[in-house]
Amino acid sequence: MDEILKGKKLAMRFLASRMYTSREIFDKLRRKGYSSELAESIVSELISEGFLDDKHYADCYIADGVNIGYKGTFRIRQELLRKGVSSSIIDRAFDEADVDPENALREFVKQRLQVADITTRKEYEKFRTMLARRGFSLSEIRTVLDELDIEFYLED
């Protein structure tokens, strides 16, 4: 069996289970013993045939990250960069995305406040830090927390 055909079949098995970026498929093929040239050739064929599309991957990742994962744009951007999606594709995907990170943050904060009481300044700061780790900007965090008017009663 031709090595390219064999590699394409392997890549298609990967893609049958979930979406991957071009670099992720390239890296998986390299780990399976394919040369860089052969892996690049396979990835190029999959792109030209429409089986791999980093822009579509970024679109889906952004929508899921904001609406399901309650992640901010900074974290989503960093995760996509780690997955090998280029900055230009990420920028275009964010420009075209129909998502509202601030609304996602608002919903996430409301959910968290149902199970967590913030009664001290220390807990408040810890909560803000957790939101920043999720990739939300400080201005988004400040806006939403001010809007929800979180009050703490005890000072540390």
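Under the 4.5 Å side-chain criterion, counting only non-hydrogen atoms from C-beta, F136 is not in contact with R128. Between F51 and E45, every side-chain heavy-atom pair lies at or beyond the 4.5 Å cut-off. When side chains are defined from C-beta on, E24 counts as touching Y57, because their heavy atoms get closer than 4.5 Å. Side chains of L46 and M12 form a contact here, defined as non-hydrogen atoms less than 4.5 Å apart.
At least one test fails for R92 against the ring of F94: distance under 6.0 Å to the centre or angle within 45° of the axis.
In this structure, D54 and S22 approach most closely via the heavy-atom pair OD1-N, 2.9 Å. When all heavy atoms are compared, the tightest approach of E3 to L38 is CB-CD2, 3.7 Å. The two residues A11 and I42 make their nearest non-hydrogen contact at CB-CG2, 4.4 Å. Taking each heavy atom of T143 and E102 in turn, the nearest pair found is CG2-OE2, 3.7 Å. Closest of all the heavy-atom pairs between F14 and Y20 is O-CE1, 3.1 Å. Across all non-hydrogen atoms, the minimal contact from V85 to A58 is CG1-CB, 4.4 Å.
Atom CG in D100 sits 10.0 Å away from atom CD in E107 (nearest 0.5 Å). Distance CZ/R112 to CG/D117: 13.0 Å, rounded to 0.5 Å.
Checked against E79 for a salt bridge (Lys or Arg N to Asp or Glu O under 4.0 Å), the options R77, R75, K83 give a single hit: R75. When each of L10, L52, I47 is tested with I25 by the rule side chain to side chain contact (heavy atoms under 4.5 Å, CB included), just one qualifies, namely L52. Applying side chain to side chain contact (heavy atoms under 4.5 Å, CB included) to V144 and the options I141, L148, D146 leaves one that passes, L148.
In terms of hydrophobic clustering, with Ile, Leu, Val, Met, Phe, Trp and Tyr side chains grouped at heavy-atom distances under 4.5 Å, Y70 and F127 are assigned to a common cluster. V43 and L5 fall into different hydrophobic clusters, where Ile, Leu, Val, Met, Phe, Trp and Tyr residues are linked whenever their side-chain heavy atoms come under 4.5 Å apart, directly or through other members. Hydrophobic clustering (ILVMFWY, side-chain heavy atoms < 4.5 Å, transitive): V109 and L138 are in one cluster. Transitive grouping of hydrophobic side chains (ILVMFWY, heavy atoms separated by less than 4.5 Å) brings V99 and I89 into a common cluster. Connection of M130 to L113 is established within a shared hydrophobic cluster, with ILVMFWY side chains joined at heavy-atom distances below 4.5 Å, either directly or through further cluster members.
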Inset, instruction - Could you go through the salt bridge (charged side-chain N to carboxylate O under 4.0 Å, His left out) check for K6 and D2 one step at a time? - result: CA-CA 6 Å; K6 194 172 155 185; D2 179 40; over 6 Å; no

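Using a 4.0 Å cut-off between a side-chain N of Lys or Arg and a carboxylate O of Asp or Glu, D27 and R23 qualify as a salt bridge. One finds a salt bridge joining R121 and E125 here, because a Lys/Arg side-chain nitrogen approaches an Asp/Glu carboxylate oxygen to under 4.0 Å.
Under a cut-off of 6.0 angstrom, the local environment of CG in D95 is crowded, with over 12 non-hydrogen atoms contributed by other residues, nucleotides or ligands.
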